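Structure first, then comments.
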Amino acid sequence: MDTGAAARAEGAGSRTTPRAGSRHGLDLLHVRVTDWFTEAARDLPWREQDCSAWGILVSEIMLQQTPVVRVLPVWREWLERWPTPSHLAAEPPGAAVRHWGRLGYPRRALRLHAAAVAITEEHGGEVPATHDDLLTLPGVGAYTAAAVAAFAFGRRETVVDTNIRRVHARLFTGTALPAPALTAAEMKRAASLLPDDAGLSVRWNAAVMELGAVICTARNPVCGHCPVADACAWVEAGRPAPEYVPKGQSWAGTDRQVRGAIVAVLRESDGAVPRVLLLEAPADLRMDPAAAVTARPGALGALHGLRAPAEQLDRALAGLLADGLAEEHDGGIRLPG
DNA sequence: GATCCGTGGAC
DNA sequence: TGTCCAAGGAT
């Protein structure tokens, strides 16, 4: 592994003992970052000492590709409504999708519901504590399994998310961004950086993640407030620009946009929405998106305002039905009951 | 490994 | 204004 940052940390912290890549340098890195975390960590409800493993699991799923500020109110509502996995498991999956609100990627709500059912039926209602058991739950991948095992159960896990990848890339490799996809070498490096002590490793994981979220951000990083800027290979190299341009996600005119608009209509509706009402806007409204939004209340107007081709509407709905995000009921379409 | 899957805020 | 990005997972 590249232990340059550990060496640099040591060189900056105790210039009289310049042992490159030493255990001492790594220890110093741990101390600096975790001390910063103690001082700067945001107060988040899922970090409270009395937060349940279920609360932490829910937070991790909600936080997949979704900013903290948008998760907060929905997380609070969920934990109040469904304080344990069994509470959620007792509801139809559509309830999870409905109360997911506008967090995005509603299939996560479906998977979280499925996870609650699995926890209730196969784990006695208790969130499993090991990485392997967590990994069997729907919607739980390598990152989430490690995060829950670490943050809910105090285990020593190699946690690697987008924040940690970016911090490591800058600190050790000197590049602005990590590789497009997670590599085995990154996982190996992250594992080698993990403190031996379980308690400290949990702290380290949380601290590096937080550093990436609030200091070592993708755009406009605040290196002036970074506890390890003087050990950072990227800073030392003069903060070079990214070597590649991340592939942007197209949105306008995509099936994803149409799927989102359809689910928004279903979420807004108590019962089944007639297929015709959902998919066929009156001809005059189809010609004028603004008129459609005005004439139809809420999400339905927004859907018709897209003026998506009938073929695309059919395809999007078929996809939602196949994914279990919608179902046919009484001649209409509704969230899965 | 490349694609698909939502949403809204920041610049 | 359009682009980029946010504690990924499944296929």
Side-chain angles (χ1 to χ4, degrees), chain A residues 41-42 44-47 55-75 97 100-112 114-115 134-152 157-167 176-184 190 202 205-214 216-221 241-242 244-267 299 302-303 306 315-316 318-320 322-326:
Chain A
R42 293 168 292 178
L44 300 173
W46 45 85
R47 285 179 178 164
I56 290 170
L57 173 61
V58 171
S59 81
E60 291 297 344
I61 302 285
M62 288 184 172
L63 287 164
Q64 291 169 2
Q65 304 286 283
T66 306
V68 167
V69 290
R70 285 174 43 209
V71 165
L72 278 169
V74 181
W75 183 87
V97 177
W100 196 250
R102 303 189 68 80
L103 283 184
Y105 291 145
R107 49 174 47 175
R108 290 181 294 163
L110 222 45
R111 291 174 182 152
L112 189 44
L134 285 161
L135 206 48
T136 68
L137 299 176
V140 175
Y143 160 75
T144 303
V148 172
F151 303 140
E157 300 282 337
T158 303
V159 179
V160 178
D161 77 325
T162 187
N163 288 308
I164 291 177
R165 294 188 64 215
R166 187 174 53 252
V167 171
L177 297 174
L182 178 62
T183 66
V202 171
N205 282 325
V208 177
M209 201 178 307
E210 185 78 348
L211 189 64
V214 304
C216 195
T217 51
R219 290 178 298 186
N220 306 321
Y244 67 97
V245 181
K247 194 177 161 196
Q249 312 170 336
S250 57
W251 175 246
T254 62
D255 286 4
R256 296 165 73 177
Q257 184 185 32
V258 176
R259 286 170 56 112
I262 292 174
V263 173
V265 174
L266 302 183
R267 205 189 292 124
L303 172 61
L306 294 177
R315 187 172 62 242
L320 291 172
D323 289 347
L325 277 166

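As the structure is a prediction and not an experimental result, all values here were calculated from the model. Proteins get letters first, then strands, A, B, ... in listed order; numbering begins at 1 in each.
Counting any heavy atom pair closer than 4.0 Å across all strands shown, Leu135(A) reaches no nucleic acid atom. Nucleic acid contact class of Gly104(A) (heavy atoms, under 4.0 Å, all strands): base. Nucleic acid contact class of Thr144(A) (heavy atoms, under 4.0 Å, all strands): sugar-phosphate only. Heavy atoms of Arg42(A) sit under 4.0 angstrom from at least one base atom. Using a 4.0 Å heavy-atom criterion, one finds that Arg259(A) contacts the sugar-phosphate atoms exclusively. Base engagement by Leu103(A) is indicated by at least one non-hydrogen atom pair under 4.0 Å involving a base atom. Thr217(A) comes within contact range of no nucleotide atom at all, as no heavy-atom separation falls under 4.0 Å. Using a 4.0 Å heavy-atom cutoff across all strands shown, Arg102(A) reaches sugar-phosphate atoms only and no base atom. Among the protein residues, Trp46(A) comes within range of the nucleic acid bases, having at least one heavy atom under 4.0 Å from a base atom. No contact: Gln257(A) has no heavy atom under 4.0 Å from any strand. The residue Arg70(A) sits close to a base: some heavy atom pair falls under 4.0 Å. Note on Ala147(A): nothing from the nucleic acid sits closer than 4.0 angstrom, heavy atoms only. Counting non-hydrogen atoms under 4.0 angstrom, Arg165(A) reaches nothing in the nucleic acid. Across all strands shown, Ala181(A) has no heavy atoms under 4.0 Å from either base or sugar-phosphate atoms.
The side chain of Gln64(A) lies closest to dG8(C), out of dG8(C), dT7(B), dC11(B). Taking every side-chain heavy atom of Glu60(A) into account, dA7(C) is the closest of dA7(C), dG8(C), dC5(C). Of the candidate nucleotides dG6(B), dC4(C), dA6(C), dC4(C) has the atom lying nearest to any side-chain atom of Arg219(A). For Asn163(A), counting side-chain heavy atoms from C-beta on, the closest listed nucleotide (dA7(C), dC5(C), dG6(B)) is dA7(C). Closest to the side chain of Trp251(A), from the set dG6(B), dG9(B), dA7(C), is dG6(B). Closest approach to the Ala213(A) side chain among dA7(C), dT7(B), dG9(C) is made by dA7(C) (side chain taken as heavy atoms from C-beta onward).
Rounded to an integer number of Å, the gap from CZ of Arg107(A) to P of dT7(B) is 12 Å. When the C1' atom of dA6(C) is taken as reference, atom OH of Tyr143(A) falls 12 Å away, rounded to whole Å. When rounded to the nearest whole Å, the span between CG of Asn220(A) and C1' of dC5(C) equals 12 Å. Residue Met62(A) contributes atom CE, which lies 15 Å from atom C1' of dG8(C) at whole-angstrom precision. When rounded to the nearest whole Å, the span between CG of Leu112(A) and P of dG6(B) equals 16 Å.
Dashed line: the shortest gap from a side-chain N or O of Arg108(A) to OP1 or OP2 of dA7(C) is not under 4.0 Å. Not one side-chain nitrogen or oxygen of Arg111(A) sits closer than 4.0 Å to the OP1 or OP2 atom of dG9(C).
By the 4.5 Å heavy-atom criterion applied to side chains, Val258(A) and Asp255(A) are not counted as neighbours.
Sequence order on DNA chain C of the closest nucleotides to Val140(A) and Ala218(A) puts Ala218(A) first from the 5' end. For the pair Arg256(A) and Pro67(A), nearest-nucleotide mapping onto DNA chain B gives the more 5' position to Arg256(A).
Counting distance only, with no hydrogens placed and no angle test, the side-chain atoms of Thr66(A) and the base atoms of dG6(B) include a donor-acceptor pair under 3.5 Å.
Rounded to a whole angstrom, the distance from the P atom of dA7(C) to that of dC5(B) is 22 Å. Atom P of dG9(C) sits at a distance of 23 Å from the matching atom of dG8(B), rounded to the whole Å.
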